[in-house]
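Please read the structure below before turning to the comments.
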Number of protein chains: 2
Amino acid sequence: MSEPASGGESLLFLTDEQLRKGIEAMFFAYRGFTADPDRILDGMDYGRAHHRAIHFIHRSPGTTVNNLLSILGVTKQSLNRVLRTLIDDGLVESRVGREDKRERHLFLTARGAELERELSDAQRARMRAAYRAAGPVAVQGFRQVLEAMMDPDQRRQYQTLKEGGA
Amino acid sequence: MSEPASGGESLLFLTDEQLRKGIEAMFFAYRGFTADPDRILDGMDYGRAHHRAIHFIHRSPGTTVNNLLSILGVTKQSLNRVLRTLIDDGLVESRVGREDKRERHLFLTARGAELERELSDAQRARMRAAYRAAGPVAVQGFRQVLEAMMDPDQRRQYQTLKEGGA
DNA sequence: CTTGGAAAGTCAACAAGGCTGACGTAACTT
DNA sequence: AAGTTACGTCAGCCTTGTTGACTTTCCAAG
């Protein structure tokens with residue numbers, strides 16, 4: 001594997017060292033990314049799994065359990081436990097499907113929406129600060145690299161969500 | 001279709017919608033980021049925690065337990081469980097400090113280095129593909145945003161590592 | 001209409017990997 | 001000599017992932 005050192009105008013020659021820095025950047029940044037919601041959830045009886053469920057129910061109200069399952073990439077048993085506590089605590093409402101009674105459609109209640117806002121306000125604040133600090137060009141690149149890093153299935157999910165919400 | 005002129009150099013007006021996309025990009029990308037090593041570890045008796053320990057021991061051979069603790073951000077009990085299995089299995093060597101005999105300096109054994117290579121080859125391959133697909137400008141932005149997203153302490157850790165390895 | 005399979009959800013049990021608290025030992029520092 | 005630091009360990013807890021087994025519901029083929 002001998003790369004022709006200079007790839008035209010720019011280097012697409014990536015050393016292990018450069019890649020390692022990228023890997024570590026992901027590791028440390030993800031910690032920051034989850035830190036604020038984690039802090040809020042800590043003390044309540046909820047964790048990161050609850051946050052994720054709440055996020056995607058907020059994002060796609062009326063989504064089915066199965067749908068949520070494939071987005072979150074966990075087993076239905078795992079999701080169910082989280083969902084049950086959220087339903088019992090009155091943060092999420094589960095409505096039996098009108099067409100297919102096997103399905104449950106999920107919605108945030110007023111209280112659920114309130115918690116969602118609190119969590120995502122914190123997370124957005126950090127994201128906004130990072131975006132501002134790095135600037136619009138960097139943000140563009142950030143999104144491009146992240147997208148390229150996803151598995152094809154994940155990318156499809158992400159893009160569906162991306163469009164659906166506009 | 002009502003994109004508020006998010007043109008290149010313009011103002012940094014960030015809608016909740018734009019920020020939400022960034023948040024979801026992080027979520028999905030991180031899954032991809034960990035997918036390959038997770039797949040390799042699955043079936044062995046190790047998990048993501050072992051991978052992290054191995055990564056940073058490889059990266060800073062001779063590092064102390066305390067040092068590793070602060071990088072990984074877990075408790076010593078948690079790290080100890082992981083470290084013990086790695087030492088027992090002969091992937092990591094723990095040497096009593098020469099200057100300060102309280103300290104233990106950690107090194108990968110040949111077998112440890114072998115597993116490290118296998119794991120990081122997989123992870124680097126994905127990172128390399130993503131970098132190539134997105135291009136050098138995007139990579140630059142990617143790193144900038146991630147860095148801005150870290151907590152100050154994490155950023156310090158990251159930058160120390162960044163320099164140390166060059 | 002019935003029957004069989006697929007899909008949605010639930011219950012139970014287990015594992016990984018976080019956490020806290022308490023305690024011990026050796027070695028360094030004051 | 002006393003106090004602090006680095007490390008290891010035991011015990012127990014929590015969250016969140018897993019599999020396996022089960023019910024209910026729906027749908028389609030016979």
Side-chain angles (χ1 to χ4, degrees), chain A residues 27 30-31 34-35 37-57 62-89 92-106 119, chain B residues 27 30-31 34-35 37-57 62-89 92-107:
Chain A
F27 173 70
Y30 198 78
R31 282 239 298 261
T34 56
D38 281 359
R39 220 180 337 265
I40 293 171
L41 269 318
D42 194 54
M44 309 195 196
D45 289 347
Y46 303 130
R48 209 177 283 180
H50 300 83
H51 179 196
R52 293 199 282 258
I54 288 174
H55 174 98
F56 285 108
I57 292 171
T63 188
T64 64
V65 172
N66 228 11
N67 222 301
L68 205 48
L69 236 44
S70 76
I71 288 173
L72 296 176
V74 297
T75 59
K76 62 180 176 173
Q77 294 90 330
S78 199
L79 175 59
N80 188 256
R81 173 174 30 203
V82 164
L83 229 37
R84 200 186 327 158
T85 71
L86 290 175
I87 292 170
D88 289 352
D89 295 355
V92 166
E93 195 192 336
S94 162
R95 295 187 207 147
V96 172
R98 202 166 45 73
E99 310 232 317
D100 187 335
K101 290 181 196 158
R102 290 172 306 180
E103 296 180 342
R104 303 295 139 92
H105 298 275
L106 303 169
L119 293 170
Chain B
F27 172 70
Y30 197 77
R31 282 238 299 260
T34 56
D38 282 357
R39 222 183 331 269
I40 293 171
L41 269 317
D42 194 55
M44 310 194 197
D45 288 348
Y46 304 129
R48 209 176 285 180
H50 300 83
H51 179 198
R52 293 198 282 256
I54 288 175
H55 174 98
F56 285 107
I57 293 171
T63 189
T64 64
V65 173
N66 236 4
N67 222 300
L68 204 48
L69 236 44
S70 77
I71 289 172
L72 296 176
V74 298
T75 60
K76 64 174 177 176
Q77 293 91 330
S78 202
L79 175 60
N80 189 255
R81 175 173 29 198
V82 164
L83 226 38
R84 199 187 326 162
T85 70
L86 290 174
I87 292 170
D88 290 351
D89 294 355
V92 167
E93 194 192 337
S94 163
R95 294 186 208 148
V96 172
R98 199 166 47 74
E99 309 232 316
D100 187 334
K101 291 183 195 156
R102 291 172 304 180
E103 295 181 340
R104 303 298 140 89
H105 299 276
L106 303 169
F107 301 87

How many Å lie between [atom1] on [X] and [atom2] on [N], as a whole number?
X         : N       : atom1 : atom2 : value
Arg102(A) : dA28(D) : CZ    : C1'   : 12 Å
Leu69(B)  : dG8(D)  : CG    : C1'   : 12 Å
Lys101(A) : dC26(D) : NZ    : P     : 5 Å
Leu41(A)  : dC14(D) : CG    : C1'   : 14 Å
Arg98(A)  : dT25(D) : CZ    : C1'   : 17 Å
Leu68(B)  : dA6(D)  : CG    : P     : 15 Å
Leu83(A)  : dT15(D) : CG    : P     : 16 Å

Return the 5'-most residue of the pair Asp100(A), Gly73(A) with respect to DNA chain D, ranking by each residue's nearest nucleotide. Gly73(A)
Where along residues 74-82 of chain B does a heavy atom come under 4.0 Å from DNA chain C, residue by residue in number order? Val74(B), Thr75(B), Gln77(B), Ser78(B), Arg81(B)
What residues in residues 42-57 of chain A put a non-hydrogen atom under 4.0 Å from any atom of DNA chain C? none
Arg98(A): side chain to side chain contact (heavy atoms under 4.5 Å, CB included) partners, not counting sequence neighbours: none
Just so I know, are the side chains of [X] and [Y] near enough to count as touching, which here means a heavy-atom distance under 4.5 Å?
X        : Y        : value
Asp38(A) : Arg48(A) : yes
Tyr46(A) : Leu86(A) : yes
Ile57(A) : Leu83(A) : yes

Quick one: pull up [atom1] in [X] and [atom2] in [Y] and give me the separation to the nearest 0.5 Å.
X         : Y         : atom1 : atom2 : value
Arg52(A)  : Leu119(A) : CZ    : CG    : 12.5 Å
Leu69(A)  : Thr64(A)  : CG    : OG1   : 8.5 Å
His50(B)  : Asp89(B)  : NE2   : CG    : 8.0 Å
His105(A) : Asn67(A)  : NE2   : CG    : 10.0 Å

Does Thr64(A) reach a base, just sugar-phosphate, or nothing at all? Heavy atoms under 4.0 Å. nothing
Would you classify Glu99(B) as touching base, sugar-phosphate or nothing, given that sugar-phosphate means primed atoms plus P, OP1 and OP2, and contacts are heavy atoms under 4.0 Å? sugar-phosphate
For residues 72-82 of chain B, which side-chain donor-acceptor pairs fall under 3.5 Å, sequence neighbours excluded?
{"from": "Thr75(B)", "atom 1": "OG1", "to": "Ser78(B)", "atom 2": "N", "distance (Å)": "3.3"}
{"from": "Asn80(B)", "atom 1": "OD1", "to": "Arg84(B)", "atom 2": "NH2", "distance (Å)": "3.3"}

Report the residues that fulfil side chain to side chain donor-acceptor pair (under 3.5 Å) with Tyr30(A), sequence neighbours left out, ordered by chain and then residue number. none
Shoot me the first and last contacting nucleotide of DNA chain C against chain B, ordered 5' to 3', at under 4.0 angstrom to non-hydrogen atoms. dG17(C) to dC28(C)
Determine whether more than 12 heavy atoms belonging to other residues, nucleotides or ligands lie under 6.0 Å from atom CG of Asp45(B). no
